[in-house]
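Below is one structure, written out as structure tokens; comments come after it.
Just so it is clear: chains get the letters A, B, ... in the order the sequence lines come, proteins before strands, and each one is counted from 1.
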Amino acid sequence: MIGPSQAFALVDVASGLAGTVGQPVDQPKLLGARQMQAMSLAWHIILVCFGVTFPGIVLFTEALWLRTGDLVYRDLARRWSKVMLVLFAVGAVSGTVLSFELGILWPEFMARFGDVFGVAFALEGFAFFIEAIFIAIYVYGWNRIPDRLHLLTGLPMVVAGVAGAYFVIAVNAWMNNPTGFDVVNGQVTNIDPWTTLTNTATWPELIHMLMAAYMVAGFLMGGVYAWAWLRGDRSRRVRVAFAVPFTLAALAAPAQLVVGDWIARYVAVDQPIKLAAQEGLAETTEGAPFTIGGWYEDGEVQGGIEIPYMLSILAFHDPDATVEGLNAVPPEDQPPVNTVRLAFQFMVAVGTGLALLAAWYLLAWWRKRRLPQSKWFYRAAILAGPAAAGALIAGWIVTEVGRQPWIVYDVMRTESAVTQADGVNVGFAVLAFVYAALTVGIIYVLRRFAKRDREADALTTGPEAP
Amino acid sequence: MLAEFAVALLVVGLAAYAVLGGADFGAGFWDLTAGSAERGARVRGLIERSMGPVWESNHVWLIFVLVVCWTTFPTAFGSIMSTLWVALFIALMGIVLRGSAFAFRGESATVSQQRFFGVIFAASSLIVPFFLAAAIGGIASGRVPAGNAAGDLLTSWANPTSVLVGVLAIVTGAYLAAVYMAGDARRGGHDDLVERMRLRALGAGAAAGVVALGGFGVLREDARPLYDGLTEGAGLVAVIISIVAGIAGLWLIWTRRFALARVVAAAAVAAVACGWALAQQPEFLPGALTVEEAAAADATLAAVLIAFVVGVLVLAPSLVLLWRLVLRGRLDRDFRPLGPDRRR
């Protein structure tokens, strides 16, 4: 294990890892590769939320049907499972993009460390396999496999979805907190290939991501039916379809605040410079304050609201604790503070807002046993999904940009990992175009689903009385 | 020894992807050539129904190959992906468009929308196998040196061997797809489609044989070490198995025994993947890295093998379940032609 104290010595080693060609770093190429990777991750991560949580939501709804015999649940589960299949298909291909990009954009990273973290990805491959197999059996098996058995065929996809998230997060946690190898004379040796699976830093990151996935998927799905509610459709179908995903998201939202606190303490110990960037803390400080808002310039946050001792309390649960500042490392080893800090503040602000919205919902349920009646609640519920998605992406900006300039924290610099090939920016432009087209395609297909469902409802039940 | 096992895993993954994923691309080829919306409606409906439940798990074999490669042969992986990035990126865009277009087409409302998504699906079904196979041709003909983008970004995949392997991939995919779909059509009781797919299978099978055998001439000029490897020793054995299975497959199709033809045709294609690996032993990147040089540390190789065994214990029964359900028609949707007569 390479500790932060060895960071300075390792800067030299890391330049030793600069690759077989060893040309000077081409900054536009590095920037293009990073932006292409960022766009691909941001696009994919939204679909991941559905890939991980949708099976659980659909299965839960189907189980409600089998328990109550209420056909509203069955119809919802069936319709959602078709949406799930389409989103899974698109998520599978955008996940493939990431697999390719690891090699296309970061060949030195893969060449040096592929054998250190690869086993987690191998297991993820199997999880993905299982999910793909059972999602097909489940969705194509409606009405063809006996009801209870059909419910059972859905279970592997739920387990595989979560397991897959665990394995991928394990690799990311390893990049943040690399273990399981030594660097001797610029060579990676003494590899422990199971290291990614035993890394304790994985757990807070995984739970944080799973909660976020339930929030993004649940609030986005709920928002669709909040829209229908606002347009006057208060049918039982709409109310149930709103309540199931929204309740799951509303339960995750307050819990996420607690998980966020947990992860912050890990970051404080494992990646103090990332925390310093999140907070705009220039100098190592005893009893450090937390600053809300403002802009980091000339070594301090200007124009923010300062809460004394709060950062020390949040990071170490001790008002007098010492929090490491950016000055602990030379400027070339510091991440871009404002990007990380604004992303962090945005995530926290949105997370707090969503927890308040969730509290409104849960209180109404607890006290009156019904959905809130205020139009303002449903207007907020429509916004909750996109806001949660934005917060999710902001959170990944914090963890990824906050780790810069390192691709493997304190071991390998991102600029040493990037490809020497030409034309990366052309690939970036093409991919951006393809993703734009795909986004349009997804929206089109989802709208078709909605339209068809409305037509089917009108046929079977007739227009409901207001 | 461990390194050879890792190579074997890669070959298994590649062969599975060629046999399963390749057939899905081949289905796209028949979709493209099925004719106008009216004439092709029944063939397209069959494709939709045959591919629907299986194409995603078939696609995972590609991910499997990538993951095993970067874990067990990391240096070679970095070299391959950086030098061949243009071909691989084109294939990748094809994968993205094809998967999405297939998923979207099943849900589209009008014939013109179906046609739009259908053309994207079908065209990318040609692009993906060609460029993935062209990349393999670059590796096999020794055009990928070790190092970060150390090879030529264009000629590494735009060369005679790459073109040959690319065309072969398209033709064998079309052959496999026609064989599988003939069987699926019989199961569904669509006799007209059985005959249409049977003729296509015979044609594509013959074409694949011609390209494969004619290809030896190209390899002799362009990739002599590979040619030598395929014409002697273990490589030659694989080639002979492929030829025998190829002829047997055609005969089985001629006599309408599609269930057996499905297996034999797949074996013929899988033998080609094995033949390639055997022919270039002991090299991983011919002329640049041997298998031993490219292999990761033993601890990692052993871990991958353990992960593979554990994974297969879960995966194998799952795949068997899926294929049994599919081959017995339990997951078949009601057949509906994909075209103008489909009212929505």
*Which atoms form the tightest heavy-atom contact between Pro74(B) and Met110(A), and what is the distance?*
CB-O, 3.3 Å

*State, to 0.1 Å, how close Thr419(A) and Ala149(B) come at their nearest heavy-atom pair, and which atoms those are.*
OG1-CB, 4.2 Å

_Part of Val434(A) lying under 4.5 Å from any heavy atom of chain B_ = side chain

_Parallel, tilted or perpendicular: ring planes of Phe128(A) versus His59(B), cut at 30 and 60 degrees_ = perpendicular

*Is the number of heavy atoms from other residues, nucleotides or ligands within 6.0 Å of CZ (Phe449(A)) greater than 12?*
yes

*Answer with side chain, backbone, both or neither: which region of Leu319(B) has an atom nearer than 4.5 Å to a non-hydrogen atom of chain A?*
both

*For Ile191(A), is it the side chain, the backbone, both, or neither that has a heavy atom closer than 4.5 Å to a heavy atom of chain B?*
both

*Among Leu97(B), Val304(B), Ile95(B), who wins on heavy-atom pairs under 4.5 Å with chain A?*
Ile95(B)

*Asn148(B) side chain vs Val418(A) backbone, donor-acceptor pair below 3.5 Å*: yes

*Roughly how far, to the nearest 0.5 Å, is CG of Leu431(A) from CE of Met93(B)?*
4.5 Å

*Checking side chain to side chain contact (heavy atoms under 4.5 Å, CB included) for the pair Val314(B)/Ile130(A): CA distance, chi angles, key distance, verdict?*
CA-CA 8 Å; Val314(B) 184; Ile130(A) 299 295; 3.6 Å; yes

*Might you confirm whether atom OH of Tyr435(A) has over 12 heavy atoms from other residues, nucleotides or ligands at distances under 6.0 Å?*
yes

*When rounded to the nearest 0.5 angstrom, what is the spacing between CG in Leu154(B) and CG in Asp422(A)?*
10.0 Å

*Can you tell which part of Val96(B) gets under 4.5 Å to a heavy atom of chain A, answering side chain, backbone, both or neither?*
both

_side chain to side chain contact (heavy atoms under 4.5 Å, CB included) between Phe126(A) and Val60(B), worked out_ = CA-CA 9 Å; Phe126(A) 282 106; Val60(B) 185; over 6 Å; no

_Looking at Asp115(A), is its backbone amide N or carbonyl O close enough to the side chain of Thr300(B) to form a donor-acceptor pair, meaning the two atoms are under 3.5 Å apart?_
yes

_Looking at every heavy atom in both Ile133(A) and Ser318(B), which two are closest together, and how far apart are they?_
CG2-O, 3.6 Å

*What residue in Ile145(A), Leu85(A), Ile442(A), Val90(A) has the most heavy-atom pairs under 4.5 Å with chain B?*
Ile442(A)

*With a 4.5 angstrom heavy-atom cut-off, which part of Leu105(A) approaches chain B: side chain, backbone, both or neither?*
neither

*Which of the residues Gly441(A), Gly141(A), Ser94(A) is involved in the greatest number of heavy-atom pairs with chain B at under 4.5 angstrom?*
Gly441(A)

_Note, Phe109(A) side chain near Trp70(B) side chain (heavy atom, < 4.5 Å)_ = no

*Is Pro53(B) close to Ile137(A) at the side-chain level, that is, under 4.5 Å between some pair of heavy atoms?*
no

*Going from OG on Ser99(A) to CD1 on Ile63(B), what distance comes out if it is rounded to the nearest 0.5 angstrom?*
4.0 Å

*Considering only heavy atoms, which portion of Thr72(B) lies under 4.5 Å from any heavy atom of chain A: side chain, backbone, both, or neither?*
neither

*asked:* Could you walk me through whether Met81(B) and Leu102(A) satisfy the side chain to side chain contact (heavy atoms under 4.5 Å, CB included) test, starting with their C-alpha distance in whole Å, then the side-chain angles of each, then the deciding distance to 0.1 Å, before giving a yes or no?
replied: CA-CA 9 Å; Met81(B) 298 301 282; Leu102(A) 283 176; over 6 Å; no

_Out of Val139(A), Val86(A), Val116(A), Val97(A), return the one with the most heavy atom pairs under 4.5 angstrom to chain B._
Val97(A)

*asked:* Is Phe308(B) close to chain A through its backbone or its side chain, or both, or neither, when contacts mean heavy atoms under 4.5 Å?
replied: both

*What is the distance from atom OG1 of Thr153(A) to atom CG of Leu321(B), rounded to the nearest 0.5 Å?*
8.5 Å

*asked:* Between Phe73(B), Phe102(B), Trp61(B), who has the most heavy-atom pairs with chain A when the cutoff is under 4.5 Å?
replied: Trp61(B)

_Closest approach of Gly99(B) to Val93(A) (non-hydrogen atoms, all atoms of both residues)_ = CA-CG1, 4.2 Å

*asked:* When you compare the side chain of Leu325(B) with that of Arg144(A), does any pair of heavy atoms fall below 4.5 Å?
replied: no

_How long is the straight-line distance from CD of Glu101(A) back to CG of Leu88(B), given to the nearest 0.5 Å?_
12.5 Å

*Given the options Ala92(A), Ala132(A), Gly118(A), which has more heavy-atom pairs under 4.5 Å with chain B than any of the others?*
Gly118(A)

*Among the listed options Gly427(A), Ala437(A), Gly125(A), the residue most often paired with chain B at heavy-atom distances under 4.5 Å*: Gly427(A)

*Is the ring centre of Trp85(B) less than 6.0 Å from the ring centre of Phe100(A)?*
no

*State, with a plain yes or no, whether a side-chain heavy atom of Thr71(B) is found less than 4.5 Å away from one of Phe117(A).*
no

*Inter-residue atom distance Phe89(B).CZ - Phe428(A).CZ, 0.5 Å rounding*: 10.5 Å

*State, to 0.1 Å, how close Leu438(A) and Ser100(B) come at their nearest heavy-atom pair, and which atoms those are.*
CD1-OG, 3.3 Å

_Best-contacting candidate, Phe134(A), Trp106(A), Trp142(A), against chain B by heavy atom pairs under 4.5 angstrom_ = Phe134(A)

*Any side-chain heavy atom of Val54(B) sitting closer than 4.5 Å to one from Tyr140(A)?*
no

*Quick one: closest heavy-atom pair of Val445(A) and Phe104(B), and the distance?*
CG2-CD2, 3.4 Å

